[in-house]
> 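Structure provided below as structure tokens; questions to follow.
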Amino acid sequence: MIDKNEFYREFSSKIFSSPIIDTALKSVNEHLKKILPLEVVFLVRRDEALESLRVIANAAVGTTAYPKEIIPTPQSLWLKLLTFDRHSPYIGDKDDELSCQLSKFARLSAFSHLIVPLWRDKNLLGFLSIIAKGNGQYSMEHVDLFHTVASPSAVALANAIAHENLLRFQERLIDENRFLSNELLHTRDAEIIGANGGMKHVLELVRQVAPLNNTVLLLGETGTGKEVIANSIHFASPRKDGPFIKVNCGAIPENLIDSELFGHEKGAFTGAAGEKRGRFERANGGTIFLDEIGELPLQVQVRLLRVIQNREIERVGGTRSIPVDIRIIAATHRNLETMISEGKFREDLWFRLNVFPLFIPPLRQRVEDIPSLTHYFLKRKSRELGLGKLPAIAPGALSRLADYDWPGNVRELENLVERELIRNQGGRILFDTLVPKKLSTSTPTEQSIGNLVTTNLDEVISNHINMILHMTEGKVHGPHGAAVLLGIKSSTLRAKMDKLGIRYGRRK
Ligand SMILES: Nc1ncnc2c1ncn2[C@@H]1O[C@H](COP(=O)(O)OP(=O)(O)OP(=O)(O)O)[C@@H](O)[C@H]1O
Ligand SMILES: [Mg+2]
């Protein structure tokens, strides 16, 4: 005969022996196995979010520990738990659905099962479940003993749940913090230069489209200001107080892109220690900016299409759908129609994105904006670089800028201004390193080649020949001439140059 008071005292001192519930349950296990038949003892939580029973801690005799897992909880059982009315411990049997499901955790063919419902006030928190090998191991005396410890077990489970929630919130805060500090590097109060010049038409369209909720597709060469425009659409929209979340589709490694976009549940894959909200979830109530949409792998395009259609996401390793209220702005410098014809971009996704295409003209087509952009960047960069006095621009320097081709567009101008400021500290800004347009079109730099969005074969050949001619300073034949480098006869090269309209002459 076991002394009830003694059992209560010992059990309570064990279950509260550590703030880490796994450790505490191990002590409980050590204690219990001296008193009654025991294979495994585990604490199960009723998880509202998952609508499932979930093992929160367990301690087994023999085996080191069972993996923590979600107990398969059919809808019928979950509904039963909502009106569960047992307050006393009882011996589970084959007719009891709860006992059948819980006991699966022990993976025994013949077993005995003692279930202690754990209540706090009027809430059923979960169960303490005790399983032994073989049938008929538990008696009414055991049931009676557990009457005394139901209450401390419930307190322990409540503490463990609170601790788990706390850890989750902490993880979420750390994650959020890391994300926001990253994000702050990108966002800035974007002033748009050229609003009354070359960007006038674009900004008119922005004004029209911003108040609506439709998807916008921003098109334009690299560095033209697609991100600036995406920003201004968001901040001119009713979602302006919500988040503006940017995704650079080309910069996320392919194996992480799903979890980055849609998030993952705890343990969804190796390394997924905690749950993580994806960028779509974070953008809830605001705008998601899908930059470089043309770089998205095809299988992710399928999932994106589903999000656009259904406005809900599923986390990696998750089973529930999470509704998201988002506006989508996508951008690319690529020609998506060409990509569709090459089978690299899904046509159905393009239809969804192309509701309101907005083309941002390259800088060479809005030369009138160059002086104001230059002044704007001079001011901003001087401030950022901590230069005291604003330098003067040398006469003729601005016309040099107007003469240049700007393959890198506004970003190239921004970088050039910064370089010039550093180079001419205190002096006048000359912009004398620029190669004027006529030469630059025929001597593409490495960068401009990278930026070219051309797929026209003649254009590609012409660019290549021009680059080689630039290297040979215009020399076509002879030992160091372009024909030798290209591996063709000089007569063939001349014929090609004539056909493609490439000019002859020495180049520097
Ligand atoms: N109209 C503008 N007024 C002021 N700054 C601008 C303007 N357009 C672009 N910029 C600046 O030029 C740089 C490039 O712009 P942005 O990043 O928006 O270009 P992008 O089209 O997204 O380029 P990419 O295709 O390379 O991503 C940024 O630093 C941005 O602040
Ligand atoms: Mg961009």
Side-chain angles (χ1 to χ4, degrees), residues 182-207 210 216-236 244-252 279 287-296 328-336 339 345 353 357-385 398 401-402 404-421 445-454:
N182 251 337
E183 215 58 7
L184 277 179
L185 297 175
H186 300 296
T187 38
R188 52 178 166 224
D189 44 315
E191 192 177 336
I192 298 182
I193 309 295
N196 293 313
M199 290 293 279
K200 194 168 176 179
H201 178 61
V202 170
L203 291 177
E204 232 155 61
L205 294 174
V206 166
R207 259 191 300 280
V216 179
L217 179 61
L218 300 175
L219 302 164
E221 289 177 15
T222 180
T224 43
K226 295 186 291 295
E227 188 166 345
V228 175
I229 294 299
N231 247 291
S232 75
I233 293 175
H234 171 74
F235 286 106
F244 176 77
I245 300 293
K246 184 191 161 183
V247 184
N248 188 341
C249 302
I252 307 169
R279 297 208 169 208
T287 306
I288 189 159
F289 174 41
L290 302 170
D291 203 2
E292 311 290 0
I293 188 92
E295 315 304 315
L296 215 56
I328 297 171
I329 302 180
T332 182
H333 67 277
R334 300 248 230 157
N335 184 333
L336 293 182
M339 288 185 71
F345 202 84
L353 295 174
L358 209 163
F359 176 73
I360 305 171
L363 191 55
R364 64 182 169 279
Q365 284 174 18
R366 43 186 167 111
V367 181
E368 74 260 45
D369 293 348
I370 291 179
S372 42
L373 277 167
T374 310
H375 282 113
Y376 168 73
F377 287 132
L378 273 177
K379 249 195 242 163
R380 209 177 81 191
K381 294 288 165 185
S382 300
R383 201 177 48 232
E384 282 173 19
L385 291 167
L398 281 179
L401 296 185
Y404 180 61
D405 204 39
W406 301 109
N409 293 295
V410 184
R411 179 175 298 109
E412 188 180 2
L413 175 59
E414 182 179 355
N415 292 342
L416 174 75
V417 169
E418 182 164 356
R419 263 200 320 274
E420 289 282 310
L421 274 173
T445 59
E446 229 172 81
Q447 184 190 7
S448 71
I449 290 164
N451 289 334
L452 278 172
V453 222
T454 181

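Whatever order the structure lists them in is the order used to number ligands and atoms, beginning at 1.
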> At a 4.0 Å threshold, what atoms of ligand 1 neighbour a non-hydrogen atom of Ile192?
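So the atoms of ligand 1 that pass are 1 (N), 3 (N).
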> Ligand 1 and Val228, any nitrogen or oxygen pair closer than 3.5 angstrom?
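It does: an N or O of Val228 is found under 3.5 Å from an N or O of ligand 1.
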> Could you tell me, atom by atom, which parts of ligand 1 come under 4.0 Å of a heavy atom of Tyr376?
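In order of number, 4 (C), 5 (N).
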> Begin with the C-alpha distance, continue with both residues' side-chain angles, and end with the deciding distance and a verdict on side chain to side chain contact (heavy atoms under 4.5 Å, CB included) for Glu292 and Arg334.
CA-CA 8 Å; Glu292 311 290 0; Arg334 300 248 230 157; 5.8 Å; no
> So, is Met199 polar-close to ligand 1, with some N/O to N/O distance under 3.5 Å?
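Among all N and O atoms of Met199, none is under 3.5 Å from an N or O of ligand 1.
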> Measuring from atom 4 (C) of ligand 1, which candidate in Glu292, Glu191, Arg411 has the nearest non-hydrogen atom?
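Going through Glu292, Glu191, Arg411 one by one, Glu191 has the nearest heavy atom to atom 4 (C) of ligand 1.
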> Decide yes or no on side chain to side chain contact (heavy atoms under 4.5 Å, CB included) for Val206 and Leu358, but give the supporting numbers first.
CA-CA 9 Å; Val206 166; Leu358 209 163; 4.2 Å; yes
> Can you check which of Pro362, Gly225, Gly250 brings a heavy atom nearest to atom 15 (O) of ligand 1?
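Looking at heavy atoms only, the winner is Gly225.
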> Glu227 versus ligand 1: do any nitrogen or oxygen atoms come within less than 3.5 Å of each other?
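N/O-N/O distance below 3.5 Å exists for this pair.
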> Does any non-hydrogen side-chain atom of Leu363 lie less than 4.5 Å from one of Leu373?
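Side chain of Leu373 against side chain of Leu363, heavy atoms only: contact under 4.5 Å found.
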> Can you tell me how far CG of Leu421 sits from CZ of Phe377, rounded to the nearest 0.5 angstrom?
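Between Phe377 CZ and Leu421 CG, I get 12.0 Å after rounding to 0.5 Å.
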> Going by an N to O cut-off under 4.0 Å, is there a salt bridge joining Lys381 and Glu384?
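Looking at Glu384 together with Lys381, the answer is yes, because their closest N to O distance falls below 4.0 Å.
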> Before you tell me yes or no, could you show the steps for Trp406 and Leu401 under side chain to side chain contact (heavy atoms under 4.5 Å, CB included), namely the whole-Å CA-CA distance, both residues' side-chain angles and the distance that decides it to 0.1 Å?
CA-CA 9 Å; Trp406 301 109; Leu401 296 185; 3.8 Å; yes
> Out of Arg380, Glu414, Lys226, who is nearest to atom 29 (O) of ligand 1 when you count heavy atoms only?
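Looking at heavy atoms only, the winner is Glu414.
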> Charged N to carboxylate O below 4.0 Å: is that the case for Glu368 and Lys200?
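Not counted as a salt bridge, because no side-chain N and carboxylate O are separated by less than 4.0 Å.
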> Tell me, please: is Gly220 in heavy-atom contact with ligand 1, that is, under 4.0 Å?
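Distance cut 4.0 Å: Gly220 fails for ligand 1.
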